[in-house]
Structure formats: C-alpha cells, structure tokens
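This structure is a prediction, so every number in the text was calculated from the model and none was measured. Letters A, B, ... are given to chains in the order of the sequence lines, protein chains preceding strands, and every chain is numbered from 1.
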Protein chains: 4
Amino acid sequence: MEKDHAAGQLEEEQWVQELLALSEQEQVTPKQLSILRAAIDVFAEKGFSAAATSEIAQKAGVAEGTIFRYYKTKKDLLLAIVVPTMSRMIAPFVLRNFSGVLDVPFESYEAFLRAFMINRLDFVRRNLKIVKILIQEIPFQPALKEQLVQNIFEQVLARVTTITEHFKQQGEIIDAPTPAIIRFTISAIIGYLLVRLLLMPDHHWNDEEEIEQTLRFILHGIGGAG
Amino acid sequence: MEKDHAAGQLEEEQWVQELLALSEQEQVTPKQLSILRAAIDVFAEKGFSAAATSEIAQKAGVAEGTIFRYYKTKKDLLLAIVVPTMSRMIAPFVLRNFSGVLDVPFESYEAFLRAFMINRLDFVRRNLKIVKILIQEIPFQPALKEQLVQNIFEQVLARVTTITEHFKQQGEIIDAPTPAIIRFTISAIIGYLLVRLLLMPDHHWNDEEEIEQTLRFILHGIGGAG
Amino acid sequence: MEKDHAAGQLEEEQWVQELLALSEQEQVTPKQLSILRAAIDVFAEKGFSAAATSEIAQKAGVAEGTIFRYYKTKKDLLLAIVVPTMSRMIAPFVLRNFSGVLDVPFESYEAFLRAFMINRLDFVRRNLKIVKILIQEIPFQPALKEQLVQNIFEQVLARVTTITEHFKQQGEIIDAPTPAIIRFTISAIIGYLLVRLLLMPDHHWNDEEEIEQTLRFILHGIGGAG
Amino acid sequence: MEKDHAAGQLEEEQWVQELLALSEQEQVTPKQLSILRAAIDVFAEKGFSAAATSEIAQKAGVAEGTIFRYYKTKKDLLLAIVVPTMSRMIAPFVLRNFSGVLDVPFESYEAFLRAFMINRLDFVRRNLKIVKILIQEIPFQPALKEQLVQNIFEQVLARVTTITEHFKQQGEIIDAPTPAIIRFTISAIIGYLLVRLLLMPDHHWNDEEEIEQTLRFILHGIGGAG
DNA sequence: GATGAATGAGGATTCATTCAT
DNA sequence: TATGAATGAATCCTCATTCAT
C-alpha cells in the first residue's frame, strides 16, 4: 500500500487510522480518531508542552474530559501518536519479509538504497507531522529515547550492518569501517528527506532525479576526475 | 582562540561569557551570567516551554524577579541565548577574513572542507546545549526562523555556492547541480556532528580519523572499485 | 417592580440577578452569581485595580480559576457588572414607553422632575455599589467612557433637551439656554442623590419632603422675596 | 494671588511649589518637586493603585529608590499631594481673614456666591489633576475620609451655616432648612465646575456669563412666570 | 543624598485533570 | 459513554520596598 506515492491530506488521515487500527489491533472510535488528528495538528504546530488539551479538544470537536477517557494523561496521548509511528518507521528493518525492501535479494547495493530512499521518502511524507513531533520530543521523553535506542541500536543497526557487510564482501562497497559507512549513507539520505520535506517543501522537486543524484553522490562522491 | 579543542564544562561557560561580553560589547554582570548559565541548562534539559522561570532563578541563585530585570520576558531570555550563537554559528561565512576558513586561498576543496569540519565541530562542541536549544526552538520561534532564513539562505548559501563553483571550475568537483552538491556535503558533515556530539557523545571517538574518513566519503563515495 | 422602595442587602442581590437574568437574557448559574456578588463587594470596597481576583474567589466560595471560566479577564468581569447597570441607568431616556417617566404626558415639568427623582433615587439605592464602581472606573476604562459619551451625550441629552424645550414653550420654564437649564437641574438632583446615598447614608432622611424641597429650589430658587 | 485667572501649565507647577513650600513650611528640593509633579501626572492618569512608582521615578528623572527617601511609602506620596490641596480647598472657610471671600461683609448673598464661584473655579482649574486624584481616592483612603469629615463637616459646614443664616435673617434667602439650602447651592456650583472642567473642558466657555446664569438659577430657579 | 540592583510576595491567568451528571 | 464545570497548582510577570555602594 505504500507504493502509490500520491500523498495528501486525505491519505495522511487514512494513514493515521491504519496506524492505530491495523498496527495496534485496537478499536479506534471515530471520536478517538478525531482526537488523534487534532492532537497531531496541535502538537506539530505548537510543540508538546505548549499545546493545550483544551485546544485539541476543541479542534477535535469533543469535550475536554473526553480526551482523558481515552488517554490518561497528555503524555499518554503523545505516546499514542508517536510510538506506533516510530515502530512503523523502522518496520522495514525489523519485519523479516517486509514488502520488497530488505530481504528480497537486491541485485545491487544501489538498488537497495534506491528502494529504501523511495520507500522512506514516501513514509515520511505521509507522516510528516508525526515525524516532526517525534523529532521534537525525543530529547524530552525518556520513554521515547529508550525505545529509539533499543530499536535503532539493537535492531536496525544490526540489520543494516549485515546488509552493508554483505555488499562489502561482494566488492560493491569499499573496505571502510561499517559504522562510518552507515552513518554517512544515512546522513545523505536523511539530509535529502529533511531538505525536501521540512526545509523547502514548497520548492518544485523532481524526486526521481534527486534521488538518483544522491545515490551517485553516495556511491562515487563529488570529487572531480583529477 | 577556537584552536584549542579541549572542551569541557568550564570552557563552555567561559564561552558563554565571551559570547556576550565580546561579541555583543555588552556588560554582563555576574548575576546575569549565572542567569544565562542556568537558563541554558534548564532550556536544554526541559525545552523552552516546559522550563519554569522559577527553576532557572533557583538554579542561578537569584530571585525570580531578577531574571526579569535583565530580560523583559522569558522569550527574550531565550533569544538572548540563542541569537548570538546563531550569529556565531554562521560567522565564518559572513565575516570576510574569518580565521583561515574561507577567504584564505585553500589549496583544495578537501582542505577547505577539512578546515570547516574541524572548525565547526569545535564550535558545536563548545556550544552544545545552546545548539540543542536552537534546533529545538527554531520551528516555534518565528523570530528565529526569520533570522535563519535571512542568514542561511541569503548569506551563507550565496557564499558556499561561490566557493563550490570555484572548485567546480577548477575540476576538483564534478559537474553536478551545485545545490545538490551543497546539500549532500553539508548532510554528511552535520550527520557526523550530530552522531558524534548528540547521539553517541560517550563513545570514544578518534575525531581526526573520522573526519578524514568522512572527507574521503564525500569526495569519492563508498562505491567499490567495480 | 421598581415601585417598592424597601431596599436592602437582600433586595440588591435580587436586583443583581435580575440585572443579568432579565436584561441580558443570559443564563446565570448560581456560581456565576456568587462571583458577581463577590466582585461587586470587593470592587466597591477596594477599587478595581486594588481588588484581587483571589479575594473575589474566596468571597464567592469558588476556585480562582472558576472566575476565569466565566470572565476571560478581570476587566471583563468589571464590564459584566458595570455595563448593564449603565444601560439600566439611562434606560428611562432610551426606552420609549418606560413606565411612567418620560413619554406619558406629564401635567407639568414639576411632575416630570418629581417622577424622575423618585425613580432614579430608587434605582441608585438598589444599585449603590455598582454605581460607585461605575463612577470610580469611568475615567480609567475607555470602553466605559465611550459608552457613556455615546449614550449620555447622543441619546439622553437629546431626549432631555426635547422635553425641556417642550415645557419651555409651554411657559413652565424660563427662557434660558437649555444646556444650562439641564446642567443646573441635573446638578441639583444628583447633588441630592449623592449626599443622600453616599455622603450621609446613615442620616435619617424624609425623602418625600427633601424631594419636594429640592423641586421648589429648582423651580423657584432660594432667593428671598426682595 | 488667586485673583489673576491666567492659569496654565506653568502656573499650576508654581502652584505645586507653593503648595508645599508655603503651606507646609517645608523645604522642597528640586528633586522632590519633580517627583511630586510626576506623581500627580501618573496618579491622575492611571489611578493610585494602577500607578507604578517606577513610572513616576522615570517621569521625574530620578532613581526608583529616591522616591522612598522622601516618602516612606507610595501612600505617603499620595497623601503628600492630596492632603495640602484638601486643606487649601477649604481654606477660605477656615482662615478667618482670607482675602476677600468670607469675612469681608458682602453687600449681598449673590455677591458672596459670585466671589465664591469665581474663586473656587480658579482654584480647581489650577489644581485640576490633584482634585481628580482627591475625588478618586477619598473612598479608599480612610485617612483622607477622616480629614474630609473633620474639615468639611466640622468646620466648613459650620461656617457656611453661619453665613447662610445671616443672609436668611436679612431676607435675602427664603426660610427653608439651611442644610437643604446649602446642599442645593453647592450642588449647583460643583455641578458647574465638574461639567466645565472635567466633562467638557474643551468646549468654549464664557465663564462670566455661565456663572451669572448659574447664580440666577440658584436664586430664582428655572420656573416660568406662571 | 542618591542610586539602581535585587528582592520576593503577590498579581492575573492558564491548564491538565477530575468527577458528578 | 461523554460531558464540561470546577479545580488549584503552577505559570510568567510586576512592583513597592530595601540596602549596599
């Protein structure tokens, strides 16, 4: 379902629904859904601390007290939004047979990176506000930090290391320290995602071309022939 | 003065003092200084919105009212911390004859990048908490956003573009779109800085080696010989 | 309902209720009512600026925050008390068929003044504290000043001028400048009200006689036969 | 000295000086004087409670602490302004041989009232701001209230009663209760002063004519020939 | 005398959370 | 289940007053 790139307001909202309905196997009432939608908007706009539950309630069209029927505290509401998204963000690295990104034998490292960039660009685009909130709040929410460390450092890194070393052995990647390679590669990718979606979202982008360019940079650098 | 890398708590504090005493030519009383120090700590730890002026006052060892003698509002206190640092952060790009980074004719693009990485790594290390605060608050402080846009997009980018194209003409850099080159280069550098200073500050780093590695990646990529 | 002169604490409180319930058609909860009562007391006793919302809350037996559920700011609370009273104060001049004061054809100017004095004495007596607050705050609340100017100077004066000139034409009033006549008449009436209700409220007053006396003064002066 | 009507900003300021230098026999330093001037301005503009001593200090061009060298508290500053003026306001009734107003045998009650009106109009004009402050603060300052009661009710009223009854015996005033006569007369006079100086200070006034008109009203009323 | 930095109690207002309905 | 009135602790900020210089 992530293959269609057409991302828009509507789609993001559907995504929110999936987010909870599917990935958490929980029943999400329409009221709860509108609370989540409103909370995402307000958290993204004002930041978690500066966001007022009353404003969320108003935007969601529910009573102030209703929020606290579903989420015991404001922080619980934040986590309900942000934790599943964090899971989904790293899902491709965790789920064994995730649709076509990792385990399917890629012809090349380049093909792997390309698929990864397209896939994650799409994901971030669809979950832009939540990703913003996530980035903002990780430093202040120990619960998030812990999840991040556990997931990223103990699952994602392990997996990416395996892949990287696989292609290193195949001679597709130079023989440099794997952590440095990974850091560099991810920096270049995230760098593109941030500029593309956060810094200059209104610029007219030719994503396919930019992705190809970025891949060339990652693989061959920007140094001239000399 | 930025040449000595030994950065520590003490040094950062001296830096804070320089920050205001030198760069703003303003008198900073000891009390004001302790307010700034406390504010930097609390803002970095809790985030601006969640930081209480009462806690800052307590940590600074002054009465709460004293804060407001020096800074009319809490937001003014934030800006007093963050704006000069933002200026310093981009100073190398704005000041004509900044010590050895830009205008001094570098032998090569590589030498330029190396000097830049060392220089800015040092700067961020010394101003770590303030940089954290800056990154956190830019999305929510229009005043900061505006400064950023004006400075970065209208001064820094112009300058970096000139430099990049200079080396492009000299054949040191491949003939790819300059914005993409800049984005990629800066992503790789900032990626290193973030991992080095924020994500894994406690890891034992060999900065010189990592910088060299990163420079090789930027220039030649990670693709194997094939 | 204004015909019974027996004014007391209880009655004034009922009046407060009418004030909002009837004249504004708004629902006034018991809690809101006790806030209004407490605010009237504290504003009258200390003055608006010196009145603390905490004291009002305490006197009203509600939490401080409750005040701000009903009135966004302290000033809004003031206006909620004072504006409707100002309206009622000049109502006889604005409402066409107000009970027996203006439009009903009076036999004489004297009868008109008598009705007016009795009526307004009664009104001020019932709204004594609010009138005090009103007088005190008009110089400092532009919103009130504006209302006053618009109402008094553009409605009341016009109406009183008409009435006065009507009786002038009938020969009941001498041919002097109408503004001076009005100023003089109102001065004498207000002078009595103030002395009666504010300066010497505890003196034993024979209102009927004093009003007759004042009317004679207004009409025939205090000059002796000579 | 009150005979020259030319009242202006300068004159009022001189008046302030007299106020303290002469009537209190105290040394008034230039600094103290500028504090008084500034305090009068700020108290009149904002009201006593809402006036900030810091604003007064700033307007006076002195340090905040300086105010408290001269006046122990903010309230003392208020009283220093308002008490002497209150004394002067009723001085004509208290001082035996005050220049030409009371004890000099007037030809008539009318001449007495005329002199009184001119005299007091002049006084209020010169002390407008202070009179405003006085009126505003009397209800909230027991010290002022007490002074007022003692002075007005025990000195002024006695004196005015004597005079009134003197002219009553001479047949110039009708045989009505003296308190009512006094109340009525003073109401008419104060009514003119308030409208003239506070309500419509910008209207173009022919004071002489208005005073004559008011006197006629007081003596003969506004009733027509019938 | 005069300053003005420093105080800290008190100000109005906000807001997450509770709970009776 | 959903409400929204009510809470009161906590927030930022003001200000009269003090006191070392």
Whole-Å distance, L77(A) CG to dC15(E) P, equals 16 Å
(Q) Do I56(A) and F43(A) have side chains that approach each other closer than 4.5 Å (heavy atoms only, starting at C-beta)? (A) yes
- Can any side-chain N or O of K129(A) pair as donor or acceptor with the backbone N or O of R37(A) at less than 3.5 Å? no
When rounded to whole Å, the CZ to C1' distance for the pair F43(D) and dA16(F) reads 11 Å
Base-pair string, DNA chain F, Watson-Crick plus G-U, cut-off 3.5 Å on both distances, | for inter-strand, is .||||||||||||||||||||
Note: for T29(A) and K74(D) on DNA chain F, the residue whose nearest nucleotide lies more 5' is T29(A)
Please confirm whether the shortest side-chain N or O distance from Y70(B) to OP1 or OP2 of dA6(E) is below 4.0 Å. yes
- prompt: Are any of the side-chain heavy atoms of F48(D) and V82(D) separated by less than 4.5 Å?
  reply: no
For this session: May I ask you to decide whether K132(B) forms a salt bridge with E45(B), counting only side-chain N to carboxylate O separations under 4.0 Å?
Result: no
Is the shortest side-chain heavy-atom distance between I135(A) and V131(A) below 4.5 Å?
yes
Report each atom pair, protein N/O against N/O of nucleotides 7-9 of chain E, whose distance is under 3.5 angstrom.
residue : atom : partner : partner atom : Å
dT7(E)  : OP2  : A63(B)  : N            : 3.0
dT7(E)  : OP2  : T66(B)  : OG1          : 2.4

Residues S49(C) and A50(D): closest non-hydrogen pair is OG-CB, 3.5 Å
Within residues 45-54 of chain D, those residues having any heavy atom closer than 4.0 Å to DNA chain F are A51(D), A52(D), T53(D), S54(D)
Across all chains, not counting sequence neighbours, the side-chain hydrogen bond (donor to acceptor under 3.5 Å, both in side chains) partners of Q141(C) are E137(C)
Separation of dT18(E) atom P from D76(A) atom CG, nearest Å, is 11 Å
The correct set of residues in residues 135-142 of chain C placing a heavy atom under 4.0 Å from DNA chain E is none
What do the steps show when you test F140(A) against Q136(B) for side-chain contact (heavy atoms from CB on, under 4.5 Å), and what is the final call? CA-CA 11 Å; F140(A) 307 125; Q136(B) 286 294 326; 3.5 Å; yes
Contacts of E55(D) meeting side-chain hydrogen bond (donor to acceptor under 3.5 Å, both in side chains) (sequence neighbours excluded), chain-then-number -> K46(D)
(message) Please tell me whether E64(C) and T53(C) have a donor and an acceptor in their side chains that are separated by less than 3.5 angstrom.
(response) yes
query = For the side chain of K74(A) and the backbone of A52(A), is there at least one donor-acceptor N/O pair under 3.5 Å apart?
reply = no
Taken to the nearest whole Å, CD/Q32(A) to P/dT1(F) is 11 Å
Do I81(B) and Y71(B) come close enough that some side-chain heavy atom pair is under 4.5 Å? no
In whole angstroms, the gap separating C1' of dA6(E) from CG of L33(B) amounts to 17 Å
>> Assess the residue pair T29(C) and L33(C) against the criterion (side-chain contact (heavy atoms from CB on, under 4.5 Å)); give the C-alpha distance rounded to whole Å, side-chain angles, the decisive distance to 0.1 Å, and a yes or no.
In response: CA-CA 6 Å; T29(C) 69; L33(C) 190 59; over 6 Å; no
F68(A) atom CZ is separated from dC15(E) atom P, nearest whole Å, by 12 Å
Could you give me the CA-CA distance, side-chain angles and deciding distance for Y70(C) and L77(C), then say whether side-chain contact (heavy atoms from CB on, under 4.5 Å) is met? CA-CA 8 Å; Y70(C) 290 105; L77(C) 174 56; over 6 Å; no
To the nearest angstrom, the NZ-P distance between K72(A) and dC19(E) comes to 11 Å
From CG of L78(B) across to C1' of dC13(F) the rounded distance in Å is 17 Å
